[in-house]
Peer 1: 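Let me begin by handing over the structure; questions about it come next.
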Amino acid sequence: MTVRTRIAPSPTGDPHVGTGYMGLVNMVLARQHGGQFLLRIDDTDRTRYRAGSEQAVFDALRWLGLEWDEGPDKGGPCGPYRQSERTAIYLEHALMLVKSGHAYRCFCTSDELAARRAEALAEKRDFRGYDGRCRALDPEDAERRAGEPHVIRFKCPTDEGKTVIQDLLRGPIETPNAELDDKVLLKSDGFPTYHLASVVDDHLFRISHIIRAEEWIPSGPLHQLLFEAYGWDVPVFCHMPLIRNADKSKISKRKNPTSLLYYRDAGYLPQALLNFLGLLGWGGPKTADGGNQEIFSVDDMLQHFKLETLSLGGPVFDLAKLRHVNAHYLRELQPQAFAQQVRDYLVGDPAYLEALVPLVSPRMETLGQFLHVADFFFSDVDHVHPDDRKLKPGSVKRLVEGLVPAGVEPEDAWFTLSQLSGALERLDAWTAAELEQALRGPGAVALSDWKPRDLFMALRVAISGRKETPGLFECLEVLGKSRVLGRLADAMRVLPAPGKKRLKKLEKARDARIAGAATEASDA
RNA sequence: GGCCCCGUCGUCUAGUGGUUAGGACACAGCCCUUUCAAGGCUGCGACGCGGGUUCGAGUCCCGUCGGGGUCACCA
């Protein structure tokens with residue numbers, strides 16, 4: 001059997017470090033066995049689709065050096081590799097299951113379902129997932145109504161038994177069938193859900209090992225059942241531990257930079273990031289003194305990596321360690337290569353340099369002043385007050401001026417910055433005019449109850465570390481989304497996050513502001 | 001809450017019945033040094049808890065506690 005693995009990112013946002021992690025492991029396993037590593041784009045949710053996101057995935061993976069053998073941009077024998085281009089295949093396969101009695105048409109609407117769930121909740125009845133109502137429909141009636149809007153659901157076993165999947169790392173994982181419910185396979189818009197599309201594609205692409213994150217374990221039984229309903233061989237399942245924040249929760253952009261592009265733009269070397277990712281769950285080749293060789297290349301991994309020996313505890317994404325690994329690779333570079341890296345990093349993108357000229361040139365009298373005016377376009381920002389930067393890690397430090405407005409609690413500033421970050425994250429448009437419109441517009445009311453000048457100063461300081469900069473919105477545009485979001489996250493890390501209670505209160509106040517803005521709008 | 005996954009220093013990990021429980025990051029001290037880094041040396045620091053099994057348990061079993069994930073016409 002040829003080993004064929006895949007990653008299947010969704011183009012819904014920035015390429016994620018988790019995608020890089022899964023990509024590394026999947027690629028290494030495929031290469032170790034002389035097999036193929038494929039890239040599939042899971043874009044079946046057109047409501048969350050983000051233009052440009054797919055290209056960003058390509059860029060990020062290629063930057064890391066994770067090259068795929070088959071994929072949307074390079075084709076292959078099993079194409080197309082973009083799920084939105086395969087809808088006819090999914091429809092056909094969904095119908096196959098209806099015909100064989102493994103699936104059925106369901107005419108319940110989302111609203112009806114929500115109402116029934118609420119009703120069940122009120123009566124303290126158990127109603128999770130779907131109650132199976134449309135199972136009772138006469139198949140012939142259902143066929144006659146096929147023109148009406150409906151979904152196709154999978155018929156899960158209802159007996160007292162268990163469905164068990166074999167996990168490469170965890171052994172058998174049993175789930176009582178009572179826990180299963182009839183999941184949607186084909187949505188009313190004609191697109192498949194992840195479950196249908198991925199099972200069908202994994203089969204059609206002859207994927208031998210499904211290596212994916214632990215969060216997929218609960219849908220393992222459904223996928224297993226689907227493979228079986230089709231009479232297909234079930235691939236090897238392997239659920240990798242989830243990368244965690246410092247507090248052990250699933251890694252999130254609120255608490256960590258999660259975009260691969262952030263690491264590229266922040267000046268990390270791809271081989272360093274790959275090395276660091278390889279450390280998670282594995283640790284590197286064993287050394288004679290009983291330790292691990294922690295600095296290793298992908299070639300080293302190809303030689304020594306053993307998927308079966310992975311450590312299952314969710315590893316914390318430790319930026320300090322990443323920095324250490326990166327520092328190692330940086331120092332290893334020959335002066336010429338190092339200089340080239342610096343050149344690429346600073347001026348490798350002429351468009352970036354040229355874009356900031358209009359912002360800085362009016363503020364300069366000699367070229368020697370360039371870095372005084374433009375430093376933050378090229379350099380990380382430290383949000384701690386300069387006098388306190390040498391203080392011990394645990395000690396309370398003063399922050400750079402302007403990040404927290406006078407009279408505002410640091411926890412509340414954290415919250416405002418998080419709102420700001422969320423709002424910017426959701427923006428597709430990123431020109432100065434659009435940014436200004438978004439941040440001054442009615443939607444911005446929800447961000448905080450601060451005076452605009454305080455809000456904009458906090459944002460300015462967060463992205464630049466200074467109180468005086470070229471125009472804020474122009475700076476945001478030129479810096480670009482990933483740098484801005486990264487710096488906002490950096491700023492939030494030096495601020496204390498509010499506790500649960502405080503957070504609830506802040507959210508309530510925000511919701512009140514939103515509601516207030518809405519009524520004001522309707523009055524006018 | 002139901003179901004499921006996981007549990008060695010603060011963090012990443014080594015360890016598969018007998019080890020002074022090893023290495024790395026971080027942290028502290030010392031050395032080197034005009035400064036700051038880097039580098040070298042030293043130190044701090046862990047088997048969540050309780051029962052078994054065994055001559056012997058971090059390693060096996062049970063329980064418990066803790067953490068996490070998941071419960072959508074999102075992936």
Side-chain angles (χ1 to χ4, degrees), chain A residues 8-13 16 19 41-49 83 106 108-111 113-114 117 121 124 126-130 149-153 162-165 167 169-171 173-181 183-198 212-222 239-251 276-295 309-325 327-328 330-331 390 392-394:
Chain A
S10 304
T12 53
H16 198 269
T19 304
I41 296 295
D42 281 12
D43 56 350
T44 55
D45 182 357
R46 74 261 180 276
T47 60
R48 292 206 310 158
Y49 179 82
Q83 291 190 324
C106 164
C108 302
T109 66
S110 298
D111 291 345
L113 252 20
R117 285 199 190 105
L121 192 70
K124 300 208 168 176
D126 187 47
F127 182 158
R128 290 190 307 273
Y130 181 64
H150 67 285
V151 302
I152 292 180
R153 287 182 184 273
K162 292 174 168 189
T163 297
V164 20
I165 66 171
D167 187 281
L169 297 173
R170 301 156 206 263
I173 299 175
E174 300 183 342
T175 306
N177 288 341
E179 286 298 313
L180 273 23
D181 72 299
K183 286 275 184 277
V184 171
L185 298 178
L186 201 71
K187 302 183 256 187
S188 54
D189 64 2
F191 278 77
T193 59
Y194 170 85
H195 305 298
L196 207 221
S198 81
R212 73 220 311 188
E214 190 182 352
E215 56 189 331
W216 290 107
I217 290 180
S219 24
L222 171 65
H239 292 95
M240 301 281 295
L242 239 24
I243 304 177
R244 314 291 186 93
N245 296 313
D247 64 5
K248 297 280 187 182
S249 56
K250 172 165 89 166
I251 193 168
F276 173 74
L277 257 14
L279 241 21
L280 305 181
W282 185 45
K286 307 282 176 289
T287 56
D289 67 342
N292 292 72
Q293 175 200 329
E294 296 205 310
I295 300 296
T309 65
L310 269 212
S311 183
L312 294 176
V316 170
F317 194 91
D318 184 3
L319 271 171
K321 182 99 172 203
L322 204 210
R323 265 187 258 115
H324 165 80
V325 173
H328 175 91
L330 226 38
R331 280 179 218 123
K390 292 277 162 174
K392 290 181 186 176

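Sequence lines set the chain letters: A, B, ... in the order given, protein chains first and strands last, and positions in each chain run from 1. Because only heavy atoms are used, hydrogens play no part in the values below, and waters and symmetry mates are left out as well, while side chains stay in.
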Peer 1: Work out how far the C1' atom of B:A28 is from that of B:G69, and round it to whole angstrom.
Peer 2: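 Approximately 38 Å lies between the C1' atom of B:A28 and that of B:G69.
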Peer 1: Considering only nitrogen or oxygen atoms on both sides, find all protein atoms under 3.5 Å from nucleotides 21-23 of chain B and state each distance.
Peer 2:
residue : atom : partner  : partner atom : Å
B:G22   : O2'  : A:Asp289 : O            : 3.1
B:G23   : N2   : A:Glu294 : OE2          : 2.9

Peer 1: Residues two or more places apart in sequence or in another chain: which of them pass side chain to side chain contact (heavy atoms under 4.5 Å, CB included) with A:Asp247?
Peer 2: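 Residues passing side chain to side chain contact (heavy atoms under 4.5 Å, CB included) with A:Asp247: A:Asn245, A:Ser249, A:Lys255.
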Peer 1: Which nucleotide wins on minimum distance to the side chain of A:Val184, given the candidates B:A75, B:C73, B:C12?
Peer 2: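 Looking only at heavy atoms from C-beta outward on A:Val184, the closest nucleotide is B:C73.
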Peer 1: Go through the N and O atoms of the side chain of A:Ser188 and the base of B:C73, and report whether any donor-acceptor pair is under 3.5 Å.
Peer 2: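 In this structure, the two groups form a donor-acceptor pair.
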Peer 1: Spell out, as yes or no, whether a donor-acceptor pair under 3.5 Å connects the side chain of A:Asp167 to the backbone of A:Leu169.
Peer 2: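 Between the backbone of A:Leu169 and the side chain of A:Asp167 there is a qualifying donor-acceptor contact (under 3.5 Å).
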Peer 1: A:Pro176 near the nucleic acid: base, sugar-phosphate alone, or nothing, with a heavy-atom cut-off under 4.0 Å?
Peer 2: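 Sugar-phosphate, backbone atoms only, no base.
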Peer 1: Which residue, A:His324 or A:Cys108, contacts RNA chain B at a nucleotide closer to its 5' end, judged by nearest heavy atom?
Peer 2: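 Counting from the 5' end, the first nearest nucleotide belongs to A:His324.
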Peer 1: Any donor-acceptor pair under 3.5 Å linking the side-chain atoms of A:Asn177 with those of A:Thr163?
Peer 2: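 Side-chain D/A pair, A:Thr163 to A:Asn177: present.
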Peer 1: When you get a sec, tell me which of B:G39, B:U70, B:C5 is the closest nucleotide to the side chain of A:Ile217?
Peer 2: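 Selected nucleotide (nearest to the side chain): B:C5.
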Peer 1: Of all the choices, B:G69, B:C73, B:C6, which nucleotide is nearest to the side chain of A:Arg170 once you look at every atom?
Peer 2: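 Closest nucleotide to the A:Arg170 side chain: B:C6.
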Peer 1: Roughly how many Å is it from CG in A:Leu186 to P in B:C73, rounded to a whole number?
Peer 2: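 Between P of B:C73 and CG of A:Leu186: 13 Å.
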Peer 1: Rounded off to whole Å, could you give me the CZ-to-C1' distance for the A:Arg244 and B:G66 pair?
Peer 2: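 It works out to 12 Å between those atoms.
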Peer 1: With a non-hydrogen cut-off below 4.0 angstrom, is A:Trp282 in contact with a base, only sugar-phosphate, or nothing?
Peer 2: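 Sugar-phosphate, no base atom in range.
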Peer 1: How close or far is atom P of B:A26 from atom CZ of A:Phe317, stated in whole angstroms?
Peer 2: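 Rounding to the nearest Å, CZ of A:Phe317 and P of B:A26 are 16 Å apart.
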Peer 1: In whole Å, measure the gap between the P atoms of B:U53 and B:G45 for me.
Peer 2: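 Between the two P atoms, the distance is 34 Å.
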Peer 1: Using Watson-Crick or G-U wobble geometry with both distances below 3.5 Å, tell me the partner of B:G1, or none.
Peer 2: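 Matched B:G1 with B:C71 under the 3.5 Å cut-off.
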Peer 1: Could you measure between the two P atoms, the one in B:G48 and the one in B:U42, and give it in whole Å?
Peer 2: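 Each nucleotide's P atom is 28 Å from the other's.
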Peer 1: With the side chain of A:Lys250 defined as its heavy atoms from C-beta on, choose the nearest nucleotide among B:C12, B:G69, B:C3.
Peer 2: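 Ranking B:C12, B:G69, B:C3 by closest atom to the A:Lys250 side chain puts B:G69 first.
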Peer 1: Going by atom type alone, with no hydrogens or angles, which donor-acceptor pairs under 3.5 Å involve a side-chain atom of residues 188-195 of chain A and a protein atom two or more places apart or on another chain?
Peer 2:
residue  : atom : partner  : partner atom : Å
A:Asp189 : OD1  : A:Phe191 : N            : 2.8
A:Asp189 : OD2  : A:Arg46  : NE           : 3.0
A:Asp189 : OD2  : A:Arg46  : NH1          : 3.0
A:Asp189 : OD2  : A:Arg46  : NH2          : 3.2
A:Thr193 : OG1  : A:Val184 : O            : 2.9
A:Thr193 : OG1  : A:Leu185 : O            : 3.4
A:Tyr194 : OH   : A:Arg212 : NH2          : 3.4
A:His195 : ND1  : A:His223 : NE2          : 2.8

Peer 1: Paired with B:C25 by Watson-Crick or G-U wobble geometry, both distances under 3.5 Å: which nucleotide is it?
Peer 2: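 The answer is B:G10, by the H-bond criterion.
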Peer 1: Using the C1' atom on both, measure B:G22 against B:A14 and round to a whole Å.
Peer 2: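 Per the computed distance, 6 Å lies between those C1' atoms.
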Peer 1: Tell me the interatomic distance from A:Tyr49, atom OH, to B:C73, atom C1', rounded to whole angstroms.
Peer 2: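 Value for this atom pair: 21 Å.
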Peer 1: Please state the C1' separation for the pair B:C12 and B:C32 - nearest whole angstrom.
Peer 2: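 Here B:C12 and B:C32 have their C1' atoms 30 Å from each other.
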Peer 1: Does A:Thr44 have a side-chain nitrogen or oxygen under 4.0 Å from the phosphate oxygens OP1 or OP2 of B:A75?
Peer 2: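 Answer yes for this pair, as a side-chain N or O of A:Thr44 is under 4.0 Å from OP1 or OP2.
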Peer 1: In terms of side-chain heavy atoms of A:Lys286, which of B:A14, B:C74, B:C73 is nearest?
Peer 2: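 Nearest to the side-chain atoms of A:Lys286, counting from C-beta on, is B:A14.
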Peer 1: What interatomic distance, in whole Å, is found between C1' of B:A21 and the corresponding atom of B:U16?
Peer 2: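 The same atom, C1', in both gives a distance of 14 Å.
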Peer 1: Could you please name the partner base of B:G48, counting Watson-Crick and G-U wobble pairs only when both distances are under 3.5 Å?
Peer 2: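 When the pairing criteria are applied, B:U64 turns out to be the nucleotide that pairs with B:G48.
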Peer 1: Between B:G29 and B:C65, how many Å separate the two C1' atoms, rounded to a whole number?
Peer 2: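 Roughly 38 Å separates the two C1' atoms.
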Peer 1: Taking only the P atom of each, what is the distance from B:A57 to B:G66 in whole angstrom?
Peer 2: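 Straight-line distance between the two P atoms is 27 Å.
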Peer 1: Quickly work out the A:Leu322 CG to B:U13 C1' distance and round it to whole Å.
Peer 2: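 Whole-Å distance recorded here is 16 Å.
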